[in-house]
Amino acid sequence: MSKKDIEEISKEQQRADMVIHEIGKKIDKLEGNKKDVGGDAGHLRETFWEDVTVNFDEPDDVLETHISLRQQAELLGERERSIGQIHKQLKTLEKLKYSPYFGRIDFKEDQEDAEAIYIGITSFMDQNDENFYIYDWRAPISSVYYDYSPGAASYKTPEGKIDGELQLKRQFLIRDGKILNLFDTGVTIGDELLLEVLGTNASSMMKSIVATIQKEQNRIIRNETSKYLIVQGVAGSGKTSAALQRVAFLLYRHRDTLKSDNIMLFSPNPLFNSYVSTVLPELGEENMQQTTWHEYILNRVGKSFDVEDPFTQLEALLSDENEQSSKLRLAGIQYKSSLPFKQHLDEYMQGLSKDGMVFKNITFRKKVLISKEELARKFYELDDHVTIPNRMQSLKDWAQSEMRKHAKAERKQSWVDEEMMLLDKEDYLSAYKAAQKNNRDDDEFSYFDKEEVVLRKVIVNKRFKSIYKGIKNLRFIDYGQIYKNAFDKRSDDLSDDEWTSIVNTTIVNLEQGILWNEDATAFAYLKDMLEGKKANTGIRQVFIDEAQDYSAFQISYIKQLFPYSKMTFLGDLNQAIFAHGNDEFLRDGTDEDVEKITLTKSYRSTSEIIEFTRSMAHNGDEIEPFNRHGNKPLVIEVPNKKTILAHIEGDLQHLKEEGNKTIAIICKTQKESMEVYESLKGSGGVRLLEKGTISYEKGISVVPAYLAKGIEFDAVILYNSSVYVNEMEKELFYTACTRAMHELYVYREENIPNPFLDNIDKEAFRLKKISN
Ligand SMILES: Nc1ncnc2c1ncn2[C@@H]1O[C@H](COP(=O)(O)OP(=O)(O)OP(=O)(O)O)[C@@H](O)[C@H]1O
């Protein structure tokens, strides 16, 4: 380090010390406030009832009591909210104290002096709130840091564009208040710092990237105009990272109108949910709503069907050794996930307006109270200019009123007498109270007569409750049959065999109460449309990660579900692991309100791993590795599967000794993962990741490739590459290999060709042959 560098570090350290000192003072002040407010709240809680006037004698007193209670509760709530705020602020300040900022830009606005702007995860001002010691990374001026190298630069503010000159761009690595390193950077944001960040080992949680956001990622993060923002990015290009920092950016930029509850992220699996869950809190923001499409659909379908999840579907396809049956299922999946099928459903539903709606009998004690034919007749008596959902509402109202008549008639039935004898104490008591209440206004007191009337009513109402609820929830519509009838017309794109198979399997499944994954979306859509489910207006921003795994049907449906929402789709065509459509999320490319951003630079893996996987990707030659080097991947050739298991333990040991903290043995299916796990679990510390697993920890994980989506490991051992053969498996194989950050081992059985491995340049890997 030159003398100048040392002087510069020392100057910067002095400033950092000063800022940290100020942060300390602010922390002390807030701690004091916390005590005061906390004391206030504690006191309020203790004396809550002393300050409330409680009197229920007269209606006016009740009102006064109510008001007094509400005021007291509001006061307490306010205090507790401010304690929550103080806590949050303190947490952020503690983070700032540890590492106050990561960047500095010296920006000279035209006609003014240059100003040094220090950038951190949040802003921090001097005691008079006049000068910024630290600017939030999301502030308008901070974008200069991400977008420009020294020279002419500008940034946008709500008031307009500001031009100027970027005179210095500096990066810091500050830990525990000490400047460990400092880089003055050029074109990109400090390769050195990025190298340092990427070279470290994977933790079990995703980390924020605000200190090293790259220019093209910044375009995604700060995009505010597009209704649909579509990101096609190669594996490891930072799509998920950009999405999460974008959430933080939007929350900051629109903090008066946008809350974390207004943002929804669709993620690939529950494990991923927890993997990304620390990024926003790290940035001082709350997590958005998160779900998987499957979870979302389960809610829409309801409980009457057993819905297959996407992973079970994938397993079924990957494990089906009967080529013909797997081909037929594939044809069904592709058809049911397509836009033409969605259009067919729309037309079919239009037809239902005139004819074809199917209902279920409404029964009670095996007696049909309203028959399905009666429901259909009543439905079609309603004006057919009225929409189906509105007619359903009328039908519901009619059925409820019919049911009330039936309930009344039912009170005289002998079963009521029997149940009356068996009534428990509580029911008696409530009947007694009700009878008393009814008697209050009567001139004569005929309690015993009333008691029986009331008791009968109580008994019948109790039994009818579920019928009323069923009617309210439109359970008298036979969705299963209606969906089945939608397969009334063969699609021209399918062969006779395919069509027959689709119709037969759909019917058999529905009769058994099963909905395959490929039917679930279509079924939910049909149900929503018939019920007139209200669009979700509370959600203002939707993020869809791994968007290539959504079918055209799903994407179109999602747009209908969130009509007022802006959407960010993030995907990689090379990782389209599911059998349904894949490039659909890119399709809207011609719409005006769509912006498409392509990320070609990959940050996760070493250059060597990227070179190895390049030939498997479409447009692989466009993938640009970040300049970080490591060992070439190791291909291990073994005589048979058994040998793999015998050698894996040695590999694990070696990889651990090399400092790899997270190691994954990636298998093709859950079944294969189980086998590997069973054989390794004795050696301890090995975890099996399954579709229901919600968190992963450091250490060794055995995982099917489709569940490793979106996450990463220091080292990956691909259990047996010889089982990946067709196009779909290629994408799974690619996904598996690209999970590795530093080390990749790939096992293969000798004499079994692997079309993808055989295509890789021999120079791109090391080969080890094991003979026994
Ligand atoms: N600008 C950046 N600075 C530091 N790290 C980055 C940056 N961009 C990406 N990374 C790192 O690269 C890795 C991959 O990022 P991420 O998971 O967001 O990529 P992805 O495109 O979603 O990947 P995939 O599609 O393969 O799951 C992560 O470890 C992330 O922290």
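Every number for a ligand or one of its atoms is a count from 1 in the order of the listing. All residue numbers refer to positions in the sequence shown, counting from 1.
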Report the nearest protein non-hydrogen atom to [atom]: residue, atom name, distance rounded to 0.1 Å.
atom                    : result
atom 10 (N) of ligand 1 : Tyr603 CB, 3.9 Å
atom 30 (C) of ligand 1 : Ser241 OG, 3.6 Å
atom 8 (N) of ligand 1  : Gln217 NE2, 2.9 Å
atom 4 (C) of ligand 1  : Thr212 OG1, 3.1 Å
atom 25 (O) of ligand 1 : Lys239 NZ, 2.7 Å
atom 31 (O) of ligand 1 : Ile209 CG2, 3.7 Å

Should you measure from each heavy atom of [X], which atoms of ligand 1 turn up under 4.0 Å away?
X      : result
Leu194 : 2 (C), 3 (N), 4 (C)
Gln214 : 1 (N)
Gly238 : 9 (C), 15 (O), 16 (P), 18 (O), 19 (O), 20 (P), 21 (O)
Val234 : 21 (O)
Arg739 : 24 (P), 26 (O), 27 (O)
Ala235 : 26 (O)

Is any side-chain heavy atom of [Y] closer than 4.5 Å to one of [X]?
X      : Y      : value
Phe183 : Lys169 : no
Ile121 : Val210 : yes
Ile174 : Pro100 : yes

[X] near ligand 1 by a heavy-atom separation under 4.0 Å:
X      : answer
Leu198 : yes
Lys709 : no
Thr738 : no
Gly233 : no
Leu570 : no

Checklist line | Selected option - heavy-atom contact closest to atom 23 (O) of ligand 1, from Ser208, Gly236, Gly571 | finding: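 Shortest heavy-atom distance from atom 23 (O) of ligand 1: Gly236.
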Next item on the list: Identify which of Glu712, Met206, Arg604 has a heavy atom lying nearest to atom 28 (C) of ligand 1.
Entry: Glu712
Margin query: Ring-plane angle category for Tyr557 and Trp293, please: parallel below 30°, perpendicular beyond 60°, tilted otherwise.
Written below: perpendicular
Margin query: Can you classify the ring geometry of Tyr603 versus Phe626 as parallel (below 30°), tilted (30 to 60°) or perpendicular (above 60°)?
Written below: tilted
Next item on the list: Could you see which bit of Thr240 sits under 4.0 Å from ligand 1, with heavy atoms only: side chain, backbone, both or neither?
Entry: both
Notebook entry, point to check: Does ligand 1 have a heavy atom under 4.0 Å from the side chain of Thr735, from its backbone, from both, or from neither?
Noted result: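 For Thr735, there is no contact with ligand 1 at all, from either part.
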Margin query: Among Arg604, Glu658, Arg628, exactly one meets side chain to side chain donor-acceptor pair (under 3.5 Å) together with His742. Which residue is that?
Written below: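 Output: one option passes, namely Arg628.
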Would you say the ring centers of [X] and [Y] fall short of 6.0 Å from each other?
X      : Y      : answer
Trp137 : Tyr101 : no
Phe249 : Tyr252 : no
Phe266 : Tyr296 : yes

Margin query: Checking Tyr118 against Tyr133 for the ring pair (Phe, Tyr, Trp, His ring centres under 6.0 Å) test, could you report, in this order, the C-alpha distance in whole Å, the side-chain angles of both residues, the deciding distance, and whether it holds?
Written below: CA-CA 7 Å; Tyr118 286 80; Tyr133 286 138; 9.6 Å; no
Check: Is the shortest N/O to N/O distance between Ser237 and ligand 1 below 3.5 Å?
Finding: yes
Next item on the list: Would you please say whether a donor-acceptor pair under 3.5 Å links the side chains of Asp572 and Gln548?
Entry: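 Side-chain D/A pair, Asp572 to Gln548: absent.
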Next item on the list: Examine the side chains of Asn273 and Ser267 and answer whether a donor and an acceptor come within less than 3.5 Å of each other.
Entry: yes
Check: Is NZ or CZ of Lys698 both nearer than 6.0 Å to the six-membered ring centre of Phe713 and within 45° of the ring axis?
Finding: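 Ring-cation test returns no.
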